[in-house]
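For reference, the structure is listed below as structure tokens.
Note that ligands are numbered from 1 as they come in the structure, with each ligand's atoms numbered from 1 the same way.
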Amino acid sequence: MSLTLTAPQVAQLMARVHHAQTQAQAMPRLTEDFPDMTLADGYAVQNALRQRWLAEGRRQVGWKAGLTSKAKMQQMGVHVPSIGFLMADMARPENSAVRTDDLIHPRVECEVAFVTRKPLAGPAVTREEVLDATDFVLPAIEVIDSRFSGFKFDLPSVVADNGSSARYVAGGRARDPQDLNLPTLGVVMEKNGEIVTLGAAAAVMGHPAEAVALLVKVLHEIGETLPAGSFVMSGGITEAVAVKAGDNVIARYQELGSVSVRFV
Ligand code: OOG
Ligand code: MG
């Protein structure tokens with residue numbers, strides 16, 4: 001797939017996404033102005049945003065896969081998995097209070113996160129290679145915040161918006177994935193004491209390590225690799241749940257403990 005945007009157009013859309021993210025201001029889908037935008041264009045905008053954050057002194061800790069489960073694909077109406085980057089300052093401590101006044105319409109989702117101890121690269125990394133390169137897995141709640149108004153989505157726009165990445169909270173118990181049967185791992189999400197969604201990690205491409213393999217393939221396509229020591233989120237197991245100030249969320253995972261966060 002090729003680029004349709006010129007370099008100045010990529011810079012213009014990057015500035016639009018940067019503004020929406022830093023000012024918590026919703027924007028129309030980028031494809032409304034650029035209907036021919038491709039997936040490659042979306043990644044060009046995402047990369048320009050990443051370079052800008054890095055130049056501003058922010059530190060990247062890893063990457064995330066998104067739209068890797070049927071629940072997420074159906075919720076978003078986007079049926080192709082994608083990736084985004086994760087910065088250190090997007091992390092929030094477990095059990096902490098996450099502000100909502102700097103977010104547009106936050107939603108939470110349960111994910112399995114991987115921390116790697118070997119580099120991964122290339123177009124054909126396997127699930128086994130991912131597991132071999134993994135130091136440990138741990139449970140995470142991702143707080144996504146699509147910056148598009150009216151809950152309208154398309155793949156190039158979502159990719160340009162860095163997969164709606166906003167905050168993430170990791171916690172629970174770190175485990176060697178070789179000691180677990182990841183696909184059968186169950187997770188329950190409670191909001192304000194009531195179960196709002198539940199699922200099993202197999203919902204993520206049959207096995208969350210497959211999502212990491214896919215992420216490495218996409219990285220290869222955009223000219224990147226996954227360094228050792230990366231923090232990687234493998235994608236929402238269930239659909240995302242809207243949250244607002246006052247909400248308490250806890251995700252309970254079999255074998256991995258729980259992660260909680262509250263919103264203020
Ligand atoms: C896109 C982000 C997808 C996931 O885990 O599937 C994602 C969105 O839902 O706004 O992070
Ligand atoms: Mg996610």
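- Using a 4.5 Å cut-off on side-chain heavy atoms (C-beta onward), F263 and K244 make no contact.
- Atom OE1 is the N/O/S atom of E142 found closest to the Mg ion (ligand 2).
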What are the polar N/O contacts of ligand 1 with the protein below 3.5 Å, with distances?
unit_1: ligand 1; atom_1: 5 (O); unit_2: E109; atom_2: OE2; d: 2.6
unit_1: ligand 1; atom_1: 5 (O); unit_2: E111; atom_2: OE2; d: 2.9
unit_1: ligand 1; atom_1: 5 (O); unit_2: G236; atom_2: N; d: 2.7
unit_1: ligand 1; atom_1: 6 (O); unit_2: L67; atom_2: N; d: 2.7
unit_1: ligand 1; atom_1: 9 (O); unit_2: K72; atom_2: NZ; d: 2.6
unit_1: ligand 1; atom_1: 10 (O); unit_2: S164; atom_2: OG; d: 2.5
unit_1: ligand 1; atom_1: 11 (O); unit_2: K64; atom_2: NZ; d: 2.8
unit_1: ligand 1; atom_1: 11 (O); unit_2: E109; atom_2: OE2; d: 2.9
unit_1: ligand 1; atom_1: 11 (O); unit_2: E142; atom_2: OE1; d: 3.0

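- If you look at E111 and ask which of its N, O or S atoms sits nearest the Mg ion (ligand 2), the answer is OE2.
- Using a 4.5 Å heavy-atom cutoff, the side chains of I250 and V259 are not in contact.
- Contact check for L155 versus S82: side-chain heavy atoms found under the 4.5 Å cut-off.
- The pair E239-K70 does not count as a salt bridge, with every side-chain nitrogen at least 4.0 angstrom from each carboxylate oxygen.
- Salt bridge annotation for D132-K118: present, with a cationic side-chain nitrogen under 4.0 angstrom from a carboxylate oxygen.
- No path of Ile, Leu, Val, Met, Phe, Trp and Tyr side chains, each step under 4.5 Å between heavy atoms, connects L49 with I144, placing them in separate hydrophobic clusters.
- Here the N, O or S atom of E109 that is nearest to the Mg ion (ligand 2) is OE2.
- Side-chain contact between E221 and Y43 is absent, with no heavy-atom pair separated by less than 4.5 Å.
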